[in-house]
There are 2 protein chains.
Amino acid sequence: MSARKDNTEEKILDAATTVFVRKGMDGARMQEIADEAGINKALLHYYFRSKDKLFDAIFSKIIGFAFPKIGQILQSDMDFTSKVEQAIDTYIDLLLKYPYLPGFILKEINRDPSVFFKLVMKHGFNIKPILQIISDAMDRGEIVCMKPEHLVVNVIGLCVFPFAARPVISFLAFNEDKAATQAFLEERKQEVKQFVLRAIEPK
Amino acid sequence: MSARKDNTEEKILDAATTVFVRKGMDGARMQEIADEAGINKALLHYYFRSKDKLFDAIFSKIIGFAFPKIGQILQSDMDFTSKVEQAIDTYIDLLLKYPYLPGFILKEINRDPSVFFKLVMKHGFNIKPILQIISDAMDRGEIVCMKPEHLVVNVIGLCVFPFAARPVISFLAFNEDKAATQAFLEERKQEVKQFVLRAIEPK
DNA sequence: GTCTATATTAGGATAGAC
DNA sequence: GTCTATCCTAATATAGAC
């Protein structure tokens, strides 16, 4: 998510991101983060006073990074279906790069929603404009009518769910074959686009 | 999930289910389970030697309960689209009854996939027959052609995701209005059916 | 079978030397 | 800023009385 590991603070943030995303707040251990960063526990507390504060820093970074993506694309002036296609491409590319994000975000959101709420407000994320763009496309007859909220949930769910459920899919459908699972997830870009476009195509 | 609370073991199982589903393995506390069951910690260890063993019992029960549902419906002899409709109805009804299941299962699956793998094998759950039924429907031209795995993932994702992401949806779309969020989730039955049927309808 | 009391360990946090 | 050593609390687990 971030790059340079020159100074200690960056090393800690990178290490904490890795460990928190893998284990979640409850499962993560300060010792493990220190090991991952190549330093000792005391230094973690020197930079970030507590595990809570360190977690907040990481979670905030991730929410600010993952949530605005879709909204950005929908602001452009393409026709609506092209926007949808591009949003799906962009989002699944993001997930292919950070496949543990969905599991992590869903876990933390359910653990303590209030933490998430504060972050959304802090980052000023707003879903209203997105819903409006969808309503307008429906009014113009570009796509079938439905509650815009459902369309948003459908598209995001189709993108996100396979990544959150990856271990299940890998085991049940591909006998834990890593390459086959990866190929399946990459196919999702085409698959979700086709599925959604068929579903929203006006009669 | 289970009913009678006559004997202590049942009380413990019910309490542990409640707490584990709400907090997950990492977040759950034996004290909290004891409180919920109206007994003390020592008795937990008397019935189930360790937290791990108690968790295994709960998780096993839940996997055996939630996973076979969809497969059962697809075995009947309706036309394929009717089966899909009934599967969606049944599954979302289940989720409306146990809305915390998706978050819990996804969390635990990502925490330690091997635990989940063992349980799937123990319960003998198999996805092959489901994929075969879908392939057959495609061969008969009842629905569009696509990889059956993608269709399964799409349908399950559309059903499950809104429940796993409920706090997000509740906050972003409904200002945390409980009733509005609940109504939205109930609408999913109609919504998902329509969405999927449009997407798989042959041209 | 159920309790109280206690042991044990793990893990977050701090003190203090360098 | 970084380390070693240590503290302190929370949490799992056990001993032993009833």
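Computation of the quantities below employed the complete heavy-atom set of this structure, encompassing side-chain atoms and omitting hydrogens, waters and symmetry-equivalent molecules. Order of the sequence lines sets the chain letters (A, B, ...), proteins ahead of strands, with each chain counted from 1.
- Of the candidates A:R29, A:K41, A:R22, A:E36 forms a salt bridge (Lys or Arg N to Asp or Glu O under 4.0 Å) with just one, namely A:R22.
- Listed nucleotides: D:dG1, D:dA15, C:dT2. Nearest to the side chain of B:A42: D:dA15.
- Summarising the geometry, the separation between CG on B:L43 and P on C:dC3 is reported as 6 Å, rounded to the nearest angstrom.
- A:K53 places its NZ atom 16 Å from the P atom of C:dG12, with the value rounded to the nearest Å.
- Out of D:dC3, D:dA11, C:dG12, the shortest distance to the side chain of B:R29 is found at D:dA11.
- Summarising the geometry, the separation between NZ on A:K51 and P on C:dA10 is reported as 15 Å, rounded to the nearest angstrom.
- The distance from atom CG of B:D35 to atom C1' of D:dA10 is 14 Å, rounded to the nearest whole Å.
- For the pair A:M25 and B:Y47, both in contact range of DNA chain C, the more 5′-proximal nearest nucleotide belongs to B:Y47.
- When rounded to the nearest whole Å, the span between CG of A:N40 and C1' of C:dA13 equals 13 Å.
- Heavy atoms only, all atoms of each residue included: A:C159 and A:V192 are closest at SG-CG1, 4.3 Å.
- Put simply, the side chain of A:E108 never gets that close to the backbone of A:G24: no donor and acceptor are under 3.5 Å apart.
- Distance NE2 (B:H45) to P (C:dA5): 18 Å, rounded to an integer number of Å.
- In terms of phosphate contacts, B:T8 brings a side-chain nitrogen or oxygen within less than 4.0 Å of OP1 or OP2 of C:dT2.
- The base of C:dG12 sits with one of its N or O atoms less than 3.5 Å from a complementary donor or acceptor on the side chain of A:K41.
- Checked against D:dG1, C:dT14, C:dT2, the side chain of A:R49 finds its nearest nucleotide in C:dT14.
- Separating the OH atom of B:Y46 from the P atom of C:dT2 is a distance of 8 Å, rounded to the nearest angstrom.
- Contacts of A:A34 with the nucleic acid, taken as non-hydrogen atoms under 4.0 Å apart, are absent.
- The separation between B:I39 atom CD1 and C:dT2 atom P is 8 Å, rounded to whole Å.
- Closest contact between the side chain of B:M30 and the listed nucleotides D:dA13, C:dA13, D:dT4 involves D:dA13.
- The shortest distance between side-chain heavy atoms of A:F163 and A:Y100 does not fall below 4.5 Å.
- The main-chain N or O of A:S114 is found under 3.5 Å from a side-chain atom of A:D112 such that the two form a donor-acceptor pair.
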